[in-house]
Each structure stands twice: as C-alpha cells, then as structure tokens.
Amino acid sequence: MKTAEIKKRWLDFFESKEHEVVPSASLISEDPSLLFTVAGMVPFIPYMTGLIPAPYKRATSVQKCVRTLDIEEVGKTTRHGTFFQMNGNFSFGDYFKREAISYAWEFLTKSVDDGGLGLDKEQLWVTVFQDDEEAIGLWLELSEVPIERIQRRGMADNYWSTGQPGPAGPCSEIYYDRGPAYGIDGGPVADENRYIEIWNLVFMQYERGLGTGKDNFEILAELPSKNIDTGMGLERVAFLMQGVENLYEIDQVRPVLDLAAGLSGKTYGANLDDDVRLRVVADHVRSALMLIGDGVSPGNDGRGYVLRRLLRRTVRAMRLLGVNEPVFGRLFLTSKNAMVDAYPELETEYPRINTTVLAEEEAFLRTLVSGTLVLETAIASTKSAGAKVLDGETTFLLHDTYGFPIDLTVEIAEESCLSVDRDSFTALMSEQRNRAKADAKLKKAGNTDLSVYGEFRMQGVTSFTGYEELESSARVLGLIVDGVPVSSANAGVIVDVILDRTSFYAESGGQSADAGVITGDGFELEVLDVQKPVKGLVSHKAIVRKGEFGVGSQVTTAVDADWRIGAAQAHSATHVVHAALRQALGPTALQSGSYNKPGYMRLDFSWTAALSSETKSEIEEISNLAIRADLAVSASFMSLPDARNWGAVALFGETYDESVRVVQIGGPWSRELCGGTHVSRSSQIGLVSITNESSVGSGSRRLEALVGMEALHSLTQERVLLHKIAEQLKSTPSNASDRLEMLLTEVKEMQRELAAVQFQQLTLQIPQLIASMSTVANYSVIATEVANVPNADALRDLAIKVRDQIGDVPAVVALTAVLDGKPALIVVTNSKAQANGAKAGDLVRMASQILGGGGGGKADIAQGGGTDASKIPQALAAITESLR
RNA sequence: GGGGACUUAGCUCAGUUGGUAGAGCACCUGCUUUGCAAGCAGGGGGUCAGGGGUUCGACCCCCCUAGUCUCCA
C-alpha cells in the first residue's frame, strides 16, 4: 500500500468518526520557541493547554514534521529520519480512553476492503503505563489483544508530559511484531527492533508540577477537561505494510536512494558504510525538499541553517560515495516526484526549490575547494614535521571557519596515511557549543510565561478596528504588571492593557507597532509597544502618564495619525518594492522577511549575488513608477486556496487562518497575504529611495530603503553634499565624478614626479657624500647627515645608490636626516663589509638607542630612528667608533 | 544571538621575531617562431578594504567600521 494511500485511509477513517480533518500545518512552527513542527500535536498545543479555546471537539491530521536533534544518527540506525509524517487523532475534552483505544483497534485491524489497514491481529502488542488499570481493562474489553500481549511499563517509557508544569498523563503504545527473524521473543519490553512501535495513545488527564526529567515530578490534580493526543508514524506503518526493512525503503524515499546508488555505482546492501551514506542522502534530500517547499531558504542561522546543514551533509555523503559532480538537480527532481502525490503543491513550488538547491550546491562546492586547499597545506606540513596525526585544532579550524566537514577531512587525511585527532576536535566543538549555549541562556531570561494571557484569551479575541478608524472606544478587560494580573494601575506604572477592541496595530508581518495614547475619564496612557502574546489577543504595553484606572474602565484608543500614515506608507512601499524586485529579478527572488516603520523599510530576500547598481536603479524606478501611477490599494478576505489561485504571494513563516486577507496594489500588479495597514492609493507612498543592499549570509540579501519624506530628506542631503563637492571641484554635479577621477590621476602623477625630482635633487649630494668618505679600520665609511630629504624611502634609496658607487671595497654607508622633526637613520653595507663582520642591523640598533628610539633590519640594510634630533652627531660617531 | 576567518596588481593567490610589497596568469613593447595554454628579453599596473591607535618605522600588533565566507545556539 502506497504511503499516500495510508494517509488517505487515515483521514477518511477519522472523518467518519466525526473528526474535523485539519490540513498539515507548515513545517515552520507558529511557536517561536520551536524551530520546526516537531510532532503531530504541535499545532494543537494551545488547545491542549487551554491557552486558546479549541474550535472543534475532535480533530485528525497527517502532519509533516522535521526533527534534526539526532541528525547524526540518521542512516546509522534505521529508526531515525529527519522528515516524517505523523498521523494523529485528537480529542479536546470530548472522548477519552475508551474511544481512543476502540478507534485504534478498529483502524489497524479492519480489512483493507473496508477501508482499514488489515494488519494481522496476532502480530499486535500493547504497552500501558504500569498503574493504568483502566487502560488494561479497556484493551481487554474492546480489542482482541490477549493479556499476554499487554505489557506494563514505567514512567520513562509510558508517561507523557511537556517537561514543564502543565498537562501530563499515561500513554499506551501499540507495537507490531515483525517476527523471530528480527529478534528475540518477549514483546516490546524485550526487543524494540523486532517489535516496532507504530502508534502512541496519550491520555492527557493530569496536571503536573515542577520537576526534572521524565519521571521526577509531582502530579498535582486531575485536569478539568481531559484530552486525547495520538500519533502514528506514517513512515513506520508504510514500511511494515510495504514489506520493506525500514523507512528509507518506502515508496516516498526509495527512488532517491536508488538514484544515489546509481550515480555512485554502489549497490545498496553491499557495504555498511555506503548504505548509511545512501540513506543519509535519501533522508536529507526529502527533508530539504519539504522545508524549502514550506518556504525555508538556506541561511546561517535558525531554520535556514538547519536546512543548509541538511544540504551540505547530502553533498558530503555523495562525495564519500565517490560522486564529486553536482547532482542536486536529479536528486531533488526524483524526490519531488516521489512526494508529489501526497503534497501536490510541490509541483508549483518546484522551480523555486530547484533554483535554491542548485545555488546552494554550487556555493558549497566552492567552499569545499577553498577548504581542500587549506587541508592540503596542513597535511603537507604535518607530514614534513614527521607527525602521523592531523591535530584537532586544524581539523576544527577547517570545520569552523571553512565549513569543511570532519569526515571528509578524515577521508582525505587517510589517503595521505594520516589519522585525525578526533578527541581534541570533539573537545573544541563542545567548547564552542557551550559558548553559544551560555549566551542563549543569558538572552532568554526575558521570556515571560504566557499562561497569564490565557485567561484573557478564553474571553475571546481582541477585535481590531484599526483598518477603518484611528480612534475607537473600548473597555479594559485586564491589566498585567510584571506578569501578574492587577485590578488597577496609577500614574508612573508600566502596564500591559488588554481591551475588548482596539485601533492599535500590534507588531506583526514586519510592520512595527502603532504609537499613540489610550485615554479615559481622568487618566491618560502613552502606548509604548503593542504585541500579540497569544494568537488573537492584543496586549498594549503602556505607561500611565496621568490619573488612575482599572479593569472595566471605558477608554478611547487613539493612534497617532502621523505615525500611522508613516507606517502605512512604509508597509505599502515594502509591497511595492517586493513586486518590483520580482519584476526585475524573476519570481525566485522571494521575500524571506521584512521590517518597516515610519520612513524606513527593509526587505530580506533569497538571492545569490549582489545586485548591480543598474538593477537597484531598475527596482527603484519600477517602484516609483508604480507610485506615480496612483494604483488603488485594497484589502479583501477570502479563503487561502482562493488567494493562491489569485496569485497572491504568501509569505512563509506566517501561518494563516482559513480566511486570509489579501492586499492588492493595482489589482494583479501586487497581491500579498497581509494583515498590515496600508495607504489607500499608491501615490500616497510619496517616494521610495533605496539606500543600501547587502548580504545577510550566503544566498540571502537585504534591501533597505527610505520612504516618503525620509526619502526626500536623504535625497536632499545628498544633493546638497554633491553640490558642495562639485563646487569645491570647480565643476558641476554631473561632471564632478569625471573631474575627481582626473584630479586623482593628476595627483598620483604629480606625486610620482615630485618623488623623482626630489630624489634627483638628493642625488646631487652624492659627490659630496663620496668625498666625505673616510677609512675606519679596513672599512670605507660614510657617516653623515643629509639635508632636504623628503621621506624615509628617499633616504634609503640614496644610501643604496651611494653604496653602489663606492666600488669594490668594504663599505658602510650611514645616513641620517630629520623627518617631521624626528631623526631617521639608514645603514647599508656591501657584501665585502659584511664579510668583514659589519652588520647593518646591529649598527642601527645601537645608534637608534642614542637617538631615543629603536631600529633594526638585516645585515645589508637596516633602518631606525628616534625622537631626539640633537643626538645625530653622537649617533653617527658611535657607528664609526664601533667599526674601529 | 555568540564565536572564527578572509579583504594585497585586471584575475588566482604568496608574503613571521614589524625594517626596500612578490609569483603565476592577463596586459604592453621588442626579438624569435609563423599553429593549438608557444619561447626569450624588457615594461606598465598597488590608497596592502576604509578609519583610528601603538611604534623611530605597520601589509604584519591593537581598536572601530564596511564587505564576504563559515561554525555553533
């Protein structure tokens, strides 16, 4: 049975049991503390914890998940995959253990013809929490599992909690026996390889307290409303039903593995190391495909970095398999074809996925080339030092700074008969990890507990009136000071204000929060920040400027009109620039993030190279033409599929409700899903001026621009500056650049000429200098001060010239000059003098000390200087004396 | 968010106790040879990313800024 078929049967089965079929949420988790959706229940957590009321009593989903915690284990054991799909059925205060067990048994054992999976009842085993007599009773009553195949396990195995105070409860797991060929008898307790866990039923019935670990906490009370959360690993069931050995061999994964084997000429199953690499490729390619499909682009932090690591590990595995050529094009196409049945949207996203992976592969191959160079010199120097082990520092440097994977280093070192000091590499690695962790911990301290907002969210969502009006009347529902609900607040206090409705826009979608005031009878608050701590709930952080107020007070929320206009201009400008960017660069240039506030906008987008100044001008021009065209801006609500059909650009990393808001500028000219506030016609944006374009990391660029009056002001400033420069150049703004270039060339030429003339002038003194030559011991010595020396280089060249004219006798030339009021000294010797023992370096060192400075050099030439010019005669005398 | 590294001629890169900035390729001139990366000789080309500091003296050491790469969280 195909994986897609199992998925379909799952959803159909639970739909027939009155479950709401919820489409898989994006892999990009809505919870900011999670990088990815790591489990099937993640999208339902707010309903489980009671933060947000559940919109349905029963739900089912097949959720795509990514987990990279045990990325190193992928392929080594066959139990880990970085991407997997989790079938789940959920009850929020509705049915409990009885139905959960009954549904599970029915779905697993019902015949294939009747829509079930038709698994052999004799092969199924069950584990329950040791004290959960209720569950054991229900299994015996509702299923055909005999008591011998029901095993009790402790908290570590069969008790679920989030690791923090909150809901918790026992679970019951269903296992499939693959038969004696896979291990020993005795059920899951004895062997989890032979007995494969396929389904975990979590009975959320208690509230747990503080504690650490899986089994060290207190059970506080029964939950008022009990929940069911189950998870069936789709891949596991698929490989069991397809009669293959593991998840890498199912229909959604195997084609990639086969292609990788074909490309490398390896046979799957022939060699353990190669098998691991083939599985890594098959797994990582699929994960990367799905991540990019959900809008992640490779980057150097967060989700982007996880994706990059998956891609690079794939390249590395292919290289270890002996394939050095680019292969992503074929691997990803194959993976897409294997997955597209289950995820049709991959078809439309594929062009973008393809460009992304090709660019990333190319970039990494480049990195590997430069890393190889460093590695080869390190190997050469290690060998020439006679060592047998490449040290951990070098290996770590290669990894940390040049992105060169450790196992490639090991492989290449082995070819040169060197081993690698892995221990010290690992030590350095964990050192770096601790550094980053310590820092993260420091920064995280500000995180507040969101549960305090939960009780307000239970009263409903905050309705946002800010699209229509700037001022609204509202009622105070709650006040929070330092994370604690209070009933009133007086002047000077900073308080979080929860209202039933508000005209204030909370920061989201890249748009910064509104500024303004909240007023009421006898009191006034200045709004500092507006956030949505919980989906649907707006919290105003404000300082009480005057008076006192409390819960229940009537207020007026008044947004600062100028601020809002500025914010709207900037946000609309962001859409305009995004559309212009895509017109100029094509649809692969996709916004990956944005930020805007009055007067300023910033747009991050996926793109591999710096934009030329022509392209930047083009984007600016398209944007400003759209502004001039006075396009109408409108917003309307529609369903997500409708919006997509309409060609609206959905921004990844945002999760959307069933009804989404589409903002259009000029109809189809720009269509984006967006909840922000906008101007009503594009001309109100005024002006967009791009100020900067830079890299955020490889594969990602950032465009910054000023908007409206800010743009005008910056242009004005630039114009004033340019006019001033032109004036100083005695030129016009249009000719200033040429003029400057000419002047610079001229200056360079003149400097060169001047230096030549000055040196020429200096050489006129050569005859005099030669004449001053005296004989000291058996050296011909010139030791004198030279006048009119322009700089140290000239003095040096003069000394060399003088020496070369002395002829074939041991010669020492010591010249001094005063430069910028400080004495400078040059000593040169010829080879005969050096043979006699004269060393320029020693002479300079000694004489410079007399001058109050230092100096040095080699035997043939040395230079030095000091601070006291009056000591020059003394220093020269000392040189002559020391030669004697 | 925290680290590490890089930026030198048009291109690819060398350059250690801080003491005259180099190579290969490309370019120009001449000779030789008329052929596939030709040879020989000569030559031009440098704000050593930008700014500040330490020093008699900084491509080199320290600080700041910018651009780029990279690892970790």
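Residue numbers start from 1 in every chain, and the chains themselves are labelled A, B, ... in the order their sequence lines are given, proteins ahead of strands.
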Report task. In whole angstrom, give me the gap between the C1' atoms of B/rA58 and B/rC62. Result -> 11 Å
Query raised in the report: Whole Å only: how far is the CZ atom of A/Phe364 from the P atom of B/rU70?
Result: 9 Å
Query raised in the report: When the distance from CG of A/Asp400 to C1' of B/rG2 is rounded to whole Å, what number comes out?
Result: 11 Å
Report task. Would you classify A/Gly403 as touching base, sugar-phosphate or nothing, given that sugar-phosphate means primed atoms plus P, OP1 and OP2, and contacts are heavy atoms under 4.0 Å? Result -> sugar-phosphate
Query raised in the report: Looking only at side-chain N and O atoms, does A/Arg433 come under 4.0 Å of OP1 or OP2 in B/rA73?
Result: yes
Report task. Write down the distance between CG (A/Asn791) and C1' (B/rG57), rounded to a whole number of angstrom. Result -> 13 Å
Requested in this report: Apply salt bridge (charged side-chain N to carboxylate O under 4.0 Å, His left out) to A/Arg796 and A/Asp793, showing your working.
Outcome: CA-CA 5 Å; A/Arg796 184 188 61 227; A/Asp793 284 350; 3.0 Å; yes
Report task. Could you let me know what B/rU34 is paired to, Watson-Crick or G-U wobble, both distances under 3.5 Å, or none if it's on its own? Result -> none
Report task. Select one nucleotide: of B/rC71, B/rU20, B/rC69, the one nearest the side-chain heavy atoms of A/Met429. Result -> B/rC71
**Report entry** Main-chain N/O of A/Ala513 paired to A/Asp529 side chain as donor or acceptor, under 3.5 Å
**Finding:** no
Report summary line: Contacts of A/Phe396 and A/Pro823 projected onto RNA chain B by closest heavy atom; the upstream (5') one is A/Pro823
Query raised in the report: More 5' along RNA chain B: A/Asn692 or A/Arg845, using each one's nearest nucleotide?
Result: A/Arg845
Report task. Measure from the side chain of A/Thr367, starting at C-beta and using heavy atoms only, and say which of B/rU20, B/rU70, B/rA73 lies closest. Result -> B/rU70
Query raised in the report: Rounded to whole angstroms, how far apart are CD on A/Gln432 and P on B/rG3?
Result: 11 Å
Requested in this report: Determine the interatomic distance between C1' on B/rU68 and the same-named atom on B/rA23; round to the nearest Å.
Outcome: 25 Å
Query - Same-atom distance (P) from B/rC13 to B/rU54, integer angstrom - result: 35 Å
Query - Counter-base of B/rA26, judged by Watson-Crick or G-U geometry with both distances under 3.5 Å - result: none
Query - For atom NZ of A/Lys822 and atom P of B/rU55, their distance in whole Å - result: 9 Å
Query raised in the report: Mind checking the C1' distance from B/rU8 to B/rG15? Whole angstroms is fine.
Result: 9 Å
**Report entry** Interatomic distance at P, B/rG30 relative to B/rG67, whole Å
**Finding:** 46 Å
Query raised in the report: Considering the options A/Arg602, A/Met601, A/Glu620, which one meets the side chain to side chain contact (heavy atoms under 4.5 Å, CB included) requirement together with A/Val577?
Result: A/Met601
Report task. May I ask you to decide if A/Glu704's main-chain N or O and A/Thr691's side chain share a donor-acceptor pair within less than 3.5 Å? Result -> yes
Report summary line: Rounded to whole Å, CG of A/Leu368 lies from P of B/rU70 at a distance of 10 Å
Query raised in the report: For atom C1', what is the distance between B/rG39 and B/rU33, given to the nearest Å?
Result: 8 Å
**Report entry** Between A/Asn788 and A/Gln761, a side-chain donor and acceptor under 3.5 Å
**Finding:** no
Query raised in the report: With both distances kept under 3.5 Å, what pairs with B/rG67, Watson-Crick or G-U wobble?
Result: B/rC6
Query raised in the report: Could A/Asp842 and A/Arg845 be called an ion pair, given the rule that one side-chain N must be under 4.0 Å from one carboxylate O?
Result: yes
Query raised in the report: Mind checking the P distance from B/rC6 to B/rU20? Whole angstroms is fine.
Result: 23 Å
Query raised in the report: Applying the side-chain hydrogen bond (donor to acceptor under 3.5 Å, both in side chains) test to A/Glu507, which of A/Lys597, A/Gln531, A/Lys532 qualifies?
Result: A/Gln531
Report task. Taking only the side-chain nitrogens and oxygens of A/Arg701, find out if one of them lies under 4.0 Å from OP1 or OP2 of B/rU68. Result -> yes
Query raised in the report: Applying a 3.5 Å limit to both distances, which nucleotide forms a Watson-Crick or G-U wobble pair with B/rG1?
Result: B/rC72
Report task. Using only side-chain N and O atoms of A/Arg312, determine if any of them is under 4.0 Å from OP1 or OP2 of B/rU70. Result -> yes
Query - Between B/rA21 (P) and A/Lys858 (NZ): distance, integer Å - result: 10 Å
Query raised in the report: Just checking A/Ile800: base, sugar-phosphate only, or nothing, at a heavy-atom cut-off of under 4.0 Å?
Result: base
Query raised in the report: Expressed in whole Å, how much space separates the P atoms belonging to B/rA21 and B/rG46?
Result: 15 Å
Query - Atom-to-atom span, CG of A/Leu397 to P of B/rG4 - whole angstrom - result: 12 Å
